[in-house]
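What you see below is based on every heavy atom in this structure, not just the backbone, and it leaves out hydrogens, waters and symmetry mates.
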Amino acid sequence: MRNVLIPCNRLVRLLRVRTGSSHVLSTVGRAVWAREVATWSPLGTAFNTKTAKRLNLFRENVGLFEVPELTSPSGFQRAEAKVAREAAELVEATIGAPTGIQVVQLFDKLSDTLCRVADLADCIRVVHPNPKFAHAAQQTCFHIGALVEQLNTNIGLYDALKRLLHDEAAMASMDEESRRVAELFMFDFEISGIHLPDLQREMAVQLNEDILTLGSDFSKGVNTPNAVPKSVLPDHLKYCFSVDGDKVIVQNMHSDSGNDAIREAAYKLYLHPNPQQERVLETLLSARNRLAQLVGYPTFAHRTLKGTMARDPETVMSFLKATGEGLIHRTMEEFSLMRAYKAKHSPSNPNLSPWDPPYYSAFIKADRFKIDPTEYAPYFSLGACMEGLNCLFSQLYRISLQPQETHNGEIWDSEVKKLAVIHETEGILGHIYCDFFQRPGKPHHDCHFTIRGGRQLDNGDYQIPVVVLMLHYPPPTMTKPTLLTPGMMENLFHEMGHAMHSMLARTRYQHVTGTRCSTDFAEVPSVLMEYFASDYRVLSQFARHYQTDETLPEDMLRKLCESKKLFQASELQQQVLYAIVDQVYHGKHPLGKSTTDIFAELQNKYYGLPHVQGTAWQLRFNHLVGYGAKYYSYIMSRAVASRLWHQCFKDDPFSGTMGERYRREMLAHGGGKDPKLLVESMLQKQLSTEDLVQSLLDDLAE
């Protein structure tokens with residue numbers, strides 16, 4: 001709900017107390033494994049053991065997230081009715097409020113009222129295993145979305161905000177965050193066309209609706225397998241794929257197959273052009289462009305990049321092109337290495353094709369470094385990793401992660417863990433619900449949900465934030481804790497970076513709390529955590545074998561880090577291509593060519609491996625829906641995070657002085673200040689495109 005009126009999306013070592021060697025005996029005829037016993041802290045224990053089932057017959061149901069209305073699926077209707085009443089009162093108060101900071105405060109209260117139910121419902125519709133709860137939450141998302149659309153066209157609200165923004169004395173009397181929030185609310189208003197004449201406003205409303213529908217249709221097409229007649233495949237390949245009658249079903253590109261012919265066939269068939277999907281994409285891009293021009297922007301990219309670190313599409317394209325040019329020499333060297341390996345293993349077909357890099361990069365890494373992720377996993381039990389994060393955060397920010405007992409009805413699955421984030425002197429900063437374990441029907445993607453944003457209350461107290469982290473790990477068993485591969489451990493650090501952004505922000509308004517900021521800034525704290533996850537000084541604090549208590553050998557980490565560097569240039573080069581495609585699609589219209597022709601031209605120019613005729617990769621590019629004109633954010637965020645790591649944390653990753661400064665200069669402000677200025681304040685220098693590109697290249701050279 002971000003692009004509408006309401007935003008909706010010291011050296012303390014925490015040692016585990018360990019006993020000596022001991023054997024766990026079988027109980028009640030059930031054999032239990034024998035191991036070296038490690039007694040974990042309460043935090044480690046919470047994540048390394050299965051949750052004991054509790055009978056709740058006589059315990060009061062407090063409702064999901066302790067929201068009293070949400071004791072049952074029908075409670076969402078009661079929550080909606082409450083929101084509607086409170087929203088109506090706040091609308092009336094806002095329209096009648098005197099011009100001044102009170103208008104901003106009332107707008108934020110209105111935003112908070114809606115978001116506390118809408119954001120919660122958005123999470124529950126995804127994570128709740130009970131279909132009735134999930135359906136009720138889905139309906140609430142629709143209903144509050146409709147209410148938001150009504151508010152976006154409320155002339156009285158718009159006029160109240162416009163009077164404030166046009167009152168120079170009133171604006172001058174407000175603090176920087178209040179002025180920025182007022183401007184952000186107006187930006188969200190005007191994308192709905194409320195400032196336009198009636199006919200154009202109706203067009204804007206219709207275009208917004210069309211864009212939502214087209215985006216949904218495109219996403220469905222992205223995830224739809226291709227069904228092709230069996231006759232198009234030679235006999236030796238037909239049964240390498242799923243078969244349905246006389247059709248072969250191709251569900252993905254089979255990038256990890258060791259058979260070159262299978263990879264080639266899967267690539268060409270899965271990416272075969274779908275005329276209907278291409279029409280949907282081109283109609284979506286056209287609708288976005290028309291909407292942007294209708295509300296006063298040259299292109300959709302200009303509209304989307306307002307208020308970001310990048311500022312405008314010209315800066316983004318300059319950054320991407322310079323990054324691509326800086327990478328290309330090393331990229332071609334990496335492709336040459338892959339080509340040599342392919343020639344050795346497939347001498348009859350030695351040419352490197354676009355379906356080859358994923359397989360050969362993994363193959364060469366395994367061959368060179370002999371890395372087996374399962375050899376690392378015993379050192380990264382989930383409980384140990386959580387203790388490691390706790391140790392790191394205690395030194396950087398003087399906070400601790402403390403497990404909390406949940407009440408009946410508060411969580412949606414018994415394995416969800418609730419953490420309180422507690423500061424040494426400031427007390428509770430917020431709560432994190434950790435939904436980390438696999439279960440039937442749970443989506444496989446990892447994400448961070450804001451359930452309640454932080455904001456200053458009228459009585460002077462602070463409304464503490466509440467978030468959910470959803471990951472997809474195997475649950476612990478009676479014989480073994482959850483063990484993470486290095487990639488899974490790094491992803492845990494990444495997602496906890498988002499959570500800390502939410503917990504440590506202390507904005508006056510929830511509209512700009514934590515991760516409610518531009519995408520190219522929101523990813524910086526999470527990407528920065530990946531650097532901590534690759535530092536031996538950090539890992540040695542917690543990476544211990546869950547059976548032997550042995551510390552992760554330094555040579556194993558060295559091999560892992562070296563393997564990460566290999567092929568990093570070509571992988572980044574591919575991301576540059578995708579980001580440039582995204583910018584071109586959302587740039588000047590009409591495009592003049594089909595999206596397939598544009599993609600082919602850009603791949604031939606910016607990647608290093610030629611486009612394969614008869615394929616349309618962009619029709620599988622789902623990020624075009626949620627990250628339209630913003631895909632560059634991943635690359636720019638990494639460049640900024642790299643600069644922060646090398647300048648601020650590389651010498652001492654446990655520096656409390658630097659951690660406190662990072663919190664004060666960046667994390668505390670969420671989206672309440674210009675993100676570019678926040679980064680420059682932290683680094684104490686202005687950042688140019690050349691600086692950002694050099695940060696990425698320096699990473700490769702280490």
Side-chain angles (χ1 to χ4, degrees), residues 271 299 301-302 304-305 308-339 352-358 360-361 519-520 523-524 527 530 564-588 591 593 595-612 615-618 620-621 623-624 627-643 646 687-702:
L271 299 182
T299 68
H302 283 89
T304 300
L305 297 176
T308 63
M309 283 199 299
R311 297 284 199 265
D312 53 58
E314 292 78 16
T315 300
V316 171
M317 284 298 284
S318 175
F319 166 69
L320 293 173
K321 289 180 179 179
T323 301
E325 290 170 1
L327 291 169
I328 193 63
H329 177 70
R330 182 160 178 167
T331 294
M332 298 312 292
E333 289 181 339
E334 292 178 355
F335 284 158
S336 294
L337 177 59
M338 294 182 204
R339 194 173 289 112
L352 193 70
S353 300
W355 51 82
D356 291 325
Y360 280 103
S361 60
T519 306
D520 57 5
E523 289 296 324
V524 171
V527 175
E530 296 175 20
K564 286 182 180 180
K565 298 297 182 184
L566 189 60
F567 304 120
Q568 198 170 29
S570 53
E571 290 166 2
L572 186 54
Q573 190 91 45
Q574 187 177 57
Q575 296 304 308
V576 168
L577 166 64
Y578 298 161
I580 289 176
V581 168
D582 178 40
Q583 288 298 305
V584 172
Y585 284 173
H586 291 100
K588 187 177 180 180
L591 294 174
K593 300 178 182 178
T595 60
T596 299
D597 289 342
I598 291 171
F599 184 85
E601 181 180 294
L602 294 174
Q603 176 169 341
N604 292 335
K605 185 174 182 180
Y606 291 108
Y607 184 39
L609 293 178
H611 176 259
V612 178
T615 65
W617 183 91
Q618 80 284 0
R620 298 287 184 179
F621 190 19
H623 283 81
L624 289 172
Y627 288 83
K630 296 185 290 187
Y631 193 77
Y632 79 93
S633 297
Y634 295 108
I635 306 172
M636 185 168 284
S637 294
R638 182 160 297 281
V640 172
S642 172
R643 182 56 62 98
H646 286 91
L687 277 182
S688 65
T689 296
E690 291 76 14
D691 291 328
L692 293 174
V693 172
Q694 193 59 50
S695 294
L696 294 170
L697 299 181
D698 288 346
D699 265 0
L700 298 177
E702 285 191 340

Between Tyr585 and Thr595, is there a donor-acceptor pair closer than 3.5 Å when you use the side chain of the first and the backbone of the second? yes
Drop me the distance from Leu591's CG to Asp597's CG, to the nearest 0.5 angstrom. 11.0 Å
So, for Ala301 and Pro313, which heavy atoms are closest and what is the spacing to 0.1 Å? CB-CB, 3.9 Å
When you look at Phe567 and Met338, which way does the side-chain contact (heavy atoms from CB on, under 4.5 Å) test go after all the steps? CA-CA 9 Å; Phe567 304 120; Met338 294 182 204; 3.4 Å; yes
I need the Phe319 CZ to Ile580 CD1 distance, nearest 0.5 Å. 10.5 Å
Measure across Ala579 and Ile635 and return the closest heavy-atom pair with its distance rounded to 0.1 Å. CB-CD1, 4.2 Å
Quick one: pull up CG in Leu572 and OH in Tyr634 and give me the separation to the nearest 0.5 Å. 14.5 Å
Kindly indicate whether the side chain of Asp356, heavy atoms from C-beta on, has any atom under 4.5 Å from the side chain of Ser353. yes
Between Asp699 and His646, does the side-chain contact (heavy atoms from CB on, under 4.5 Å) criterion hold? Intermediate values first, please. CA-CA 9 Å; Asp699 265 0; His646 286 91; 2.9 Å; yes
Keeping Asp520 on the side-chain end and Thr308 on the backbone end, is there a donor-acceptor pair under 3.5 Å? no
Look at the side chain of Ser642 and the backbone N and O of Arg638, then say whether any donor-acceptor pair between them is shorter than 3.5 Å. no
Check side chain to side chain contact (heavy atoms under 4.5 Å, CB included) between Thr315 and all other residues, then give those that pass, not counting sequence neighbours. Asp312, Thr689
Heavy atoms of His611 and Thr615 approach each other most closely as NE2-O, 3.2 Å
Going from NE2 on His302 to NZ on Lys588, what distance comes out if it is rounded to the nearest 0.5 angstrom? 11.5 Å
Shortest non-hydrogen contact from Thr519 toward Tyr627: CG2-CE2, 3.8 Å
Quick check: do Leu609 and Pro357 have side-chain heavy atoms less than 4.5 Å from each other? yes
side-chain contact (heavy atoms from CB on, under 4.5 Å) evaluation trace for Leu305 with Gln583: CA-CA 11 Å; Leu305 297 176; Gln583 288 298 305; 4.0 Å; yes
Could you tell me the separation between the CG atom of Leu697 and the OG1 atom of Thr323, rounded to the nearest 0.5 Å? 7.0 Å
CG-NE2 distance between Asp582 and His623, expressed to the nearest 0.5 angstrom: 10.0 Å
Is there a side-chain contact between Leu624 and His586, using heavy atoms and a 4.5 Å cut-off? yes
Given side-chain hydrogen bond (donor to acceptor under 3.5 Å, both in side chains), test Ser570 with Glu334 step by step and report yes or no. CA-CA 7 Å; Ser570 53; Glu334 292 178 355; 2.7 Å; yes
Evaluate the side-chain proximity of Tyr631 to Gln575: yes if any heavy-atom separation is below 4.5 Å, no if none is. yes
Applying ring pair (Phe, Tyr, Trp, His ring centres under 6.0 Å), can you list everything that pairs with Tyr606, at least two apart in sequence or on another chain? none
Determine yes or no for a side-chain-to-main-chain donor-acceptor pair under 3.5 angstrom, with Gln603 supplying the side chain and Pro610 the backbone. yes
Check: Arg643 and Asp691 side chains under 4.5 Å, non-hydrogen atoms: yes
Do Glu523 and Ser633 pair up side chain to side chain, a donor and an acceptor below 3.5 Å, judged on atom types alone? no
Please identify each residue that fulfils ring pair (Phe, Tyr, Trp, His ring centres under 6.0 Å) with Tyr360, with sequence neighbours left out. none
Does the ring centre of Phe599 sit less than 6.0 Å away from the ring centre of Phe621? no
Verify the neighbour count for atom NZ of Lys593: are there more than 12 heavy atoms of other residues, nucleotides or ligands below 6.0 Å? no
